[in-house]
Amino acid sequence: MDKNNDNLIIGGHEFKSRFILGSGKYSLELIKSAIENAGAEIITLALRRANNGGEANILDYIPEGITLLPNTSGARNADEAVRIARLSRELGCGDFVKVEVIRDSKYLLPDNYETVKATEILAKEGFIVMPYMYPDLNTARDLVGAGASAVMPLASPIGSNKGLSTKEFIKILIDEIDLPVIVDAGIGRPSQACEVMEMGAAAVMANTAIATAGDIPLMAESFKNAIEAGRMAYLSGLGRVKETGASASSPLTGFLGE
Amino acid sequence: MLLNHMEYIEGMENIGSEIQDKVISEMNSYNPDNYTEQDVINAIESDVCTVEDYKALLSPSAEKFLEEIAQKARMEKQKHFGNSVYMFTPLYISNYCENLCVYCGFNCKNNITRAKLNSEEIEREMKAISKSGLQEILLLTGESRKFSNVEYIGEACKIASKYFRTVGLEIYPVNSDEYSYLHKCGADFVTVFQETYNSDKYAELHLGGHKRIFPYRINAQERALMGGMRGVGFAALLGLDDFRKDAFAVGMHASLIQKKYPHAEIAISCPRLRPIKNNENINPRDVHEKQLLQIICAYRIFLPYSNITISTRENAKFRDNIVDISATKISAGVDVGIGGHSDQNKKGDEQFEISDARNVKEVYNALVEKGLQPVMSDYIYV
């Protein structure tokens, strides 16, 4: 790992920032300052929010040079996700797509099976597919096989701000999956974002935690710093600190003579 | 002789759902006076709102804790919707009605000017509305299969799809195959007000027409979902009967439908009785603003993921505040008569008197001034 050239690479595109910012749930006028303070280079937007012109069109508020990551929210199955992704491309939102397939209006948990199906179709059509998923290793492997460019496991249900409920499963994905593992949904505070970065996540995506803060740009900056701190800790070899505590002063293997 | 209001009549699809019985038995077992202040405190402090918590939040004991309940509702709203507020307007395309609902301006015995819009007039109205920047429309009719049949409504949906991203319906209940047809015409959301869930009271208030058949109406949302609609809306007309029990039934009904159809998007409306033409004395009785706020907050806490609509039955001040606390959807530029949006002369009278006549721009600006984000579109028809 080249610590001096530590870029996030997704589908061949390089990014310096490891913070993917959401654009929902807060005022459009604040998007620009949130992006600037977050140092974000990628911003997600729900395609269903993107108007074809008219009032309050989110696309008018996103600064130039920022990579759009349109999501397929509203899709209840693979077929709908594919159609929304194609519409996104037609609207000029680029080739990146965050596949979200949700058929539960209460908890908004992703449907992994349909997500794999949509990923396979869209990857073949040349999209850079970043699927939102429940952190299941078998699904993650299927997503790799389907042509995903990253996997985006949830930390907790969307909007819950409950933090890392799925920590152990995300660790498994980080260990086993060679694609960037981008932790998405449920991160409630910067310290939690820092923790997932320390664990070796490639990036963090957050929206509600920032949208519901008293000072949105300041919270965006706080997340930026936390994510950078977590990444630095990971790169510095934090993984070598034993989770069970310090080494015993009398090693169990001290009897060995030869 | 009056029809038996609990028996389906010919042509009405009976889907044999268990939801009606569950809602009614839960409602009948609910005695709002049985809940203590401690029950309310527990409900406010609870992480997940159980049915018992919901009952406590709707009880008279909860009125003392209205501020705390509003704070909790606002937190839930922000988690799920942030500061977004969705904007839409209703379009009444016909006010002919075959029902005899004693509180409604459209009832068939009320002497009002009746009218329906033809295709050109519908298009002209929609063009005028879409110029205001709105991208969501709710199509309404009086309940007359004779004057506004399903094909007529379907045509209106097709025209609406040209001008709006989201098309909702608030029409008489129909069978699932008819909902399926309307879905194919471009509609994806269906709202049906049950008015009251007390079937005896329902029979007293709905003296004639298809609407008199209580079970056909209560099962409408399920038929709409069977027909492929994405979302369904629920409401009791507050002030007709015991509002606490009716509000409880609305939440219970919505929650059971969501459980049975997990993909369904759920919406709640919270109408209070309003004066109508030829009867200025109709009022929401014991449902004052305080009680209305309590109900809307209880809806939000029990169903945090649902959309809650606030109509122009309420005044501007109440509406602007409730969308900051609990509601997520607000109408603007409203005319509840027939043909009042374009510059043609209005053709038909209103369903009720509205309390907030502001246009789209005025409501939009009021939301922005409160730090809220007006949202015109949050939907793609796929």
Side-chain angles (χ1 to χ4, degrees), chain A residues 22-31 46-58 61 70 72-77 79-88 91 101-109 111 114 157-162 186 188 207-214 216, chain B residues 47-48 74-87 130-136 163-166 188 225 228 230-232 254-255 257-259 261-267 303-307 328 360-361 364-365 367-368 370-382:
Chain A
S23 62
K25 302 186 181 178
Y26 59 100
S27 295
L28 296 173
E29 283 76 16
L30 286 171
I31 287 180
L47 195 76
R48 59 183 179 174
R49 278 280 178 94
N51 304 347
N52 220 341
E55 296 259 15
N57 185 4
I58 196 164
Y61 291 82
T72 63
S73 64
R76 294 162 293 186
N77 53 46
D79 183 44
E80 291 182 355
V82 167
R83 275 188 275 165
I84 293 172
R86 288 174 184 157
L87 272 174
S88 154
L91 257 179
V101 183
I102 292 171
R103 56 188 174 101
D104 172 80
S105 63
K106 187 172 182 180
Y107 300 103
L108 301 176
L109 292 175
D111 181 327
E114 294 288 323
I158 291 179
S160 68
N161 285 358
K162 294 229 183 244
N207 186 7
T208 310
I210 291 138
T212 57
I216 289 170
Chain B
D47 192 26
V48 175
R74 188 165 190 267
M75 197 181 74
E76 290 294 343
K77 191 211 148 191
Q78 287 189 339
K79 272 201 295 189
H80 289 263
F81 297 91
N83 71 343
S84 302
V85 179
Y86 307 106
M87 291 184 71
S130 73
K131 275 188 190 150
S132 69
L134 290 175
Q135 301 204 26
E136 172 166 354
Y163 294 96
F164 302 96
R165 287 277 286 267
T166 312
D188 223 352
L225 292 168
R230 173 180 284 261
V232 284
S255 145
I257 287 282
Q258 195 280 332
K259 201 164 186 175
Y261 299 88
H263 64 277
E265 291 183 15
I266 300 296
L303 305 163
Y305 50 88
S306 65
N307 253 309
T328 48
V360 173
K361 193 77 200 156
Y364 187 102
N365 290 341
L367 295 176
V368 170
K370 277 195 92 70
L372 298 166
Q373 177 58 53
V375 176
M376 297 299 189
S377 165
D378 193 39
Y379 168 78
I380 293 176
Y381 183 94
V382 280

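In terms of heavy atoms, A/L28 sits closest to B/Q373 at N-OE1, 2.8 Å. B/K79 and A/K25 make their closest contact through O-NZ, 2.8 Å (heavy atoms, listed as atom of the first residue, atom of the second, distance).
Heavy atoms closer than 4.5 Å to chain A are found in the side chain of B/Y86, but not in its backbone. Residue contact with chain A, scored on non-hydrogen atoms closer than 4.5 Å, involves the side chain of B/Q258 exclusively. With a 4.5 Å cut-off on non-hydrogen atoms, A/L30 does not touch chain B at all.
Without hydrogens or angle criteria, A/T208 side chain to B/H80 main chain gives no donor-acceptor distance under 3.5 Å. The main-chain N or O of B/A264 is found under 3.5 Å from a side-chain atom of A/S105 such that the two form a donor-acceptor pair.
Among B/Q78, B/M75, B/R230, the residue with the largest count of heavy-atom pairs under 4.5 Å with chain A is B/R230. Among the candidates A/E80, A/R103, A/K106, the residue making the largest number of heavy-atom pairs closer than 4.5 Å to chain B is A/K106.
A distance of 9.0 Å separates CG in A/D104 from OH in B/Y305, rounded to the nearest 0.5 Å. A distance of 4.0 Å separates CG of A/L47 from CD1 of B/I380, quoted to the nearest 0.5 Å.
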- Apply side-chain contact (heavy atoms from CB on, under 4.5 Å) to A/D111 and B/H263, showing your working. CA-CA 11 Å; A/D111 181 327; B/H263 64 277; over 6 Å; no
